[in-house]
Every structure is written in C-alpha cells, then in structure tokens.
Engineer: 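This structure is in structure tokens; I'll ask about it shortly.
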2 protein chains.
Amino acid sequence: MRVGVDIGGTKTEAVAIDAAGAVLGEVRVSTGFGADGVVTSTVDALHRLADAVGVTPRGFESIGVGVPGAVDPLSGRVTHAVNLGLDGLDLGTELAARLGAPVSIENDVNAAALGAFHLLGRSAPSSMAYLNLGTGLAAGLVLAGRLWRGSRGTAGEIGHIPVDPAGPLCSCGQRGCLEMVASGSAVARLWPTGTSHPVRSLFEAADTGDVLAIEVRERFVDNVASAVRVLVLTVDVDDVVIGGGITSLGDPLLAAVHAVLRRWAVESAFLASLELPDRVRLAPGGLPVAAVGAALIGSTGTETGAAERKPA
Amino acid sequence: MRVGVDIGGTKTEAVAIDAAGAVLGEVRVSTGFGADGVVTSTVDALHRLADAVGVTPRGFESIGVGVPGAVDPLSGRVTHAVNLGLDGLDLGTELAARLGAPVSIENDVNAAALGAFHLLGRSAPSSMAYLNLGTGLAAGLVLAGRLWRGSRGTAGEIGHIPVDPAGPLCSCGQRGCLEMVASGSAVARLWPTGTSHPVRSLFEAADTGDVLAIEVRERFVDNVASAVRVLVLTVDVDDVVIGGGITSLGDPLLAAVHAVLRRWAVESAFLASLELPDRVRLAPGGLPVAAVGAALIGSTGTETGAAERKPA
C-alpha cells in the first residue's frame, strides 16, 4: 500500500491508496512548526494512518510527501519552506529513518497536479495544468501523463511572470507579477477585510453591488483567466484545473472565469478556436488531491507519473 | 536516407541526412505560390536533391516537410499558410503520390526546434525551447528529447500572450500581444525604414546614437527577454535557443538580450537564481535547422523526437 502526505501550513493530511489508486484510509493532524515540529507531526500522522489501515509504517510500500516550498526530489531535501519554518531540512532521510519505509519529497503543487490528474480519471497521453490559487499562484504540469518538473524544478512558476509594469513590487524583486494580482494575498491587499477568506469577502461584497468590489473582482478574475491563457498558449495542455484554497468559492469562481474566457473568444477568433471555456474546470472538491498525488509519486523520484504506476 | 524540406515564403530548402543525422546533401529552389506552385517547387527541390545524392525520390526512406502555418501532422494537411497562399491542401498526400515515398508535414517552427536540438548535440532528457523571431514570434518545444506539440498543436504560441493592455491591435483580435512588440513586423511598425531587415536598420541607427532608435531597440529587446522569461517560468526548459530571420543580426542581438537578463537578475534574486543569461543562445548560424528537423520528424507522425531516431 502506498502512502501520501500533504503538509500544509496548518494541517497535515495523510492517505493510503491501493494499487488502483483508490483511497483506503485518511487522517489529519495539525502541522508542527520548524524542523522538529514538522517531522514530529508528519511521523504522528503516519502512525495514525498505519493504525487506521491496520499495518505498521514499515508495511508502507512507499511514502510520498508534498511540501509547500522548494524541494530537491532527488535528495529528499526541503531547501526552503517559509510557512513551515524550514530552511534546509533532509526531510526524506529523517522520515525514512524514523518510519522504516522509502520516502520521496515533492513540491505540494506538483503533487496536487498529479493527484487531480488521477482523481479526474485522466491517463496518458492526456495533459493537464493544475493552477493553484492560494496565498500565492503557481501551476503544476502533467504532460502526456507524467509530472513535468522542468530542468530545475521550476516549471509552472507562472506566478512570477510580470503582467503589469506599473504594478506593485513582488517579494521576488520584480514588479506586477501575476501572483500580485491573481492570488489570495493579492485580493487581501486590494480588498482588505481582515477575514481569513478575502476572496469570499470580495465576491460577497461585489454580489451586493459594491462598485469598488465589482471592479476589484473583475480585475482579479481577468488575471486568473490570463494565467489560464499563458498556460494554454505556452504548453497547450488539454485542460487547466483550478485548485487551491480560493476554489472553496466553487461555482461562482468558475463561472466568473468562464465568462471572461467567453468574452475574449468574442473579441479574438484565434482565442475562440482554442475553446478555452471548455478546457477550464475546478479541482474535485473535498478530495485530498495533494496527498493522493504524493502517494502516486511514492518513492520513485523524478518524472514518474500516475500513468506509469496505474495498473493497465 | 531521410530527407527534410523547409518551405519558406521565398525559398525552399531540402536536405538529406544519414542515420546519424549528418547532412549528406542540400539544395535550394524558389518557393512557388498557391497549391500548385508550392507542390511543384517542393517536388522540384526533391528531384534535385535526389540527383545530388545519387538516388531517385523513391529511394528516400522518409520525407519530412516544414510549413510556415497551421498543419495537421496526422493527416498531412496544411490548414492555413497565408504566406504560401495555401488554405487547405493535402500536401502530404500530394507529395507522397508524386514522389513514391512516405511524407509527413510539420509546422516549420516545430521542425526548426527539433533541428536545432539535434544540431546543438542535445539528447534526452535535455529540454529546449526554440524562440523563432521572424515576421512573427512563436516557439517550438523539445521536452525530454521529444517534440511537444501540445494537445491541439498550439504549444509555443506565446506570440499571442498579451503583454500590454494599451498596445496595438493584433491580427488575432487581442491587444498588445508579444508578437506586436517583439518581432520583425513590430520593429517595421515602430521603426519604419522600408528596408527588408528592419531590425538591422534599427540596431544600426541606435548604434549611431539616434535617441528614438535607442528607445525602440530597448523596448524590443526587453520584450524578447520577456518571451524568454515566459518560456522558462512556464516550462523550465534547460535553455532557450533564439532563431529565425532576425538572428542574422548575430552577436549584437544576443548581447542585448543577455544585458536585459543580467539587469533583471540584479533586481530579482529569484530571477538571478534561474541563471537566465547562461540559458539563452542563438541557433547555429548557416545551418538548415528547419530542414534537418523536418528530416528527423520523417514519416513518424506525432510526438516523435530526435532522441528516438538517433542511433544509441
């Protein structure tokens, strides 16, 4: 049985899947902070999962772990994960030593991309981009059924493509990055309410007719649609699946993005020919996409996708 | 022996390569216009090539043809190639019937991408984007040694990513597309001289200290660098090879692009970590990259790259 862990900033989710990729068990614990905290909460989650499915951690065939930060999948090292308080941690080695099973480490958006691809029933040669809209903005790419990390692991870092030379300064040092106009943190800056879900607050205010909220929402949705356009024009994936915290908004978010893409299709015969509205959907709600994706990555290292590990 | 043809707007280039991809023979003829003209000039080029290498066209193992336009590689149909006067032509079928050898049709930028990958000595798992700067702007992608066309054959169409909402209207119906600010036609519009090489005229005027020319050149080069950034942040290819008519400018063009990328690296630690200047070079000069790439594609249809056809 393969196991996947999604280490989030507040909670850690662990799942066990069978050979066909079906979820056998699932547990959730609070995420610790810093190296000791993260290792302890992850080990705790995996012991609980083992109990839940009636094995010991040594009985796990492989453990894949998704981490919100920069990782080196080959060495299992987390280079940098600011929300977890990690700055250089051999997480793969640490976990493997404590649990007695092979461990691989992956960026969480890449893991979620592979998980969504699997949970939506896709297989090679199909391709997909997973556009993660959370505090930041980044994408994961599954090309011809396999995770595409790129040459240095930075494929899908479209949040740092500048789209507005007069825009705000990004933490990356550039101005007007896509992440500064199409993410949760962007909305929190443009529509400050102090709530934990700024995009929901924005949509609610716009729905009540607040003129400024309507304008901020329009710009936000336009920029999300721009991210879709960059992905399709550059990589030409079959479809773009939008995931991440913001997608808890559900259909109103998808409807707004579809409306922008339909408007563009009226203005541009070229864009119309790409049929973008048909190619954008939300990630399956209520499913642990990143944990399942981490389990699919398992202990196989780079560029191994669901297609290869699913039974024929 | 495999044969490749690059049908350009003015000339048609045909090459024969051996099993290792070395060029055995090369001919050039003027390109005809319209369906009859293009078929006639292509057949003529291939008969001359056959004479030059001492065989008949029936002796060609495969014929790959690169066309500047929209093609369907599976059927060998040219959907649309405005510079050749083609609007729906079963070029593959026509040529195969007249020459007695299997023919495959590919977009010319894709063919050039694969040709450059091969001529630069690359092989899987290496990846490359070929950024074609000619009248327009488009890219071809070679991922893990294989041509990546995308799900609908539009991978690399980054020329139609808008970068300036206040920019000029593009023929695609959008405003401020990358192609409108970083291509030969863009420079011809911004720096009208009536010469056949507007970018060369622009660089020469800027070198003499013309203030407006310096400004136009700066914007042009900035936008070329932006195209590089889009490709690396989205697909994270090992490197970006710039080709197309504009690259006859040679080192001054590359130096100018490198200077922009180095400036960005000073402003952004994130961009600095990507080491973009080390990852951008020009296509090998004086070599028939598109014709060689077309020969490598041969008669194998979709998603077949050099890596697969090169001897081990």
Side-chain angles (χ1 to χ4, degrees), chain A residues 70 79-80 125-129 138-139 141 143-144 146 148-165 169-175 177-178 222 226-227 229-239 264-275 279 302-303, chain B residues 70 79-80 125-129 138-139 141 143-144 146 148-165 169-175 177-178 222 226-227 229-239 264-275 279 302-303:
Chain A
T79 320
H80 195 62
S126 167
S127 61
M128 195 193 85
L141 303 175
L143 305 183
R146 297 164 72 96
W148 177 257
R149 294 183 176 88
S151 67
R152 303 178 177 206
T154 63
E157 284 289 354
I158 63 168
H160 297 292
I161 295 176
V163 292
D164 180 5
L169 195 65
C170 180
S171 61
C172 82
Q174 302 183 97
R175 261 190 195 286
C177 289
L178 205 39
D222 260 29
S226 293
R229 181 173 51 193
V230 164
L231 289 166
V232 172
L233 288 180
T234 308
V235 201
D236 186 23
V237 281
D238 285 295
D239 47 15
W264 287 353
V266 172
E267 293 162 4
S268 165
F270 171 67
L271 285 187
S273 76
L274 300 179
E275 299 173 310
R279 298 165 76 178
T302 52
E303 285 185 31
Chain B
T79 320
H80 195 63
S126 165
S127 61
M128 195 193 86
L141 302 176
L143 304 184
R146 297 165 72 97
W148 176 257
R149 293 183 176 88
S151 67
R152 303 178 179 207
T154 63
E157 283 289 355
I158 63 167
H160 297 293
I161 295 177
V163 293
D164 180 4
L169 195 65
C170 180
S171 60
C172 82
Q174 302 183 98
R175 263 192 192 285
C177 288
L178 205 40
D222 260 30
S226 293
R229 181 173 51 193
V230 164
L231 289 166
V232 173
L233 288 180
T234 308
V235 201
D236 186 23
V237 281
D238 284 296
D239 46 16
W264 288 352
V266 172
E267 293 162 4
S268 165
F270 171 67
L271 285 187
S273 76
L274 301 179
E275 299 173 310
R279 297 165 75 177
T302 52
E303 285 185 32

Engineer: Are B/Leu233 and A/Thr154 side-chain neighbours, meaning at least one heavy-atom pair lies under 4.5 Å?
Structural biologist: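 B/Leu233 vs A/Thr154: side chains apart.
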
Engineer: Pick one of side chain, backbone, both or neither for A/Ala139, based on which atoms fall under 4.5 Å of a heavy atom in chain B.
Structural biologist: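 The answer is neither part of A/Ala139.
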
Engineer: Assess the residue pair A/His160 and B/Ser268 against the criterion (side chain to side chain contact (heavy atoms under 4.5 Å, CB included)); give the C-alpha distance rounded to whole Å, side-chain angles, the decisive distance to 0.1 Å, and a yes or no.
Structural biologist: CA-CA 10 Å; A/His160 297 292; B/Ser268 165; over 6 Å; no

Engineer: Between A/Pro165, A/Ser151, A/Gly173, A/Ser127, which residue shows the highest count of heavy-atom pairs closer than 4.5 Å to chain B?
Structural biologist: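 Answer, by heavy-atom pair count under 4.5 Å with chain B: A/Ser151.
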
Engineer: Let me know if A/Ser126 has heavy atoms under 4.5 Å from chain B in its side chain, its backbone, both or neither.
Structural biologist: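 Neither; nothing under 4.5 Å.
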
Engineer: Sort A/Thr234 into side chain, backbone, both or neither according to what part of it lies under 4.5 angstrom from a heavy atom of chain B.
Structural biologist: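 Its backbone and side chain both get close to chain B.
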
Engineer: Of the backbone (N, CA, C, O) and the side chain (C-beta and beyond), which part of B/Ser273 lies under 4.5 Å from a heavy atom of chain A, both, or neither?
Structural biologist: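 Just the backbone, heavy atoms under 4.5 Å.
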
Engineer: What part of B/Ile158 gets closer than 4.5 Å to chain A, counting heavy atoms only: side chain, backbone, both or neither?
Structural biologist: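 Both the backbone and the side chain of B/Ile158 come within 4.5 Å of chain A.
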
Engineer: Quick check on the interface: out of A/Leu271, A/Asp164, A/Val237, A/Val163, who has the most heavy-atom pairs with chain B under 4.5 Å?
Structural biologist: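 That would be A/Leu271.
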
Engineer: If you look at every heavy atom in A/Val235 and B/Trp148, which pair is closest and at what distance?
Structural biologist: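 Closest heavy-atom pair between A/Val235 and B/Trp148: O-NE1, 2.8 Å.
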
Engineer: Measuring only between side-chain heavy atoms, which start at C-beta, is A/Cys170 closer than 4.5 Å to B/Phe270?
Structural biologist: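 No - every pair of side-chain heavy atoms lies 4.5 Å or more apart.
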
Engineer: So what's closer than 4.5 Å to chain B heavy atoms on A/Leu141: side chain, backbone, both or neither?
Structural biologist: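 It is the side chain, since no backbone atom gets that close.
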
Engineer: For A/Val230, is it the side chain, the backbone, both or neither that has a heavy atom under 4.5 Å from a heavy atom of chain B?
Structural biologist: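 Contact with chain B: backbone and side chain both.
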
Engineer: Would you check if A/Arg229 and B/Pro162 make a side-chain contact, meaning some heavy-atom pair closer than 4.5 Å?
Structural biologist: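 The answer is yes; the side chains approach within 4.5 Å.
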
Engineer: Can you tell me which portion of A/Arg175 sits under 4.5 Å from chain B's heavy atoms? Options are side chain, backbone, both or neither.
Structural biologist: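 It is neither, since no heavy atom gets under 4.5 Å.
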
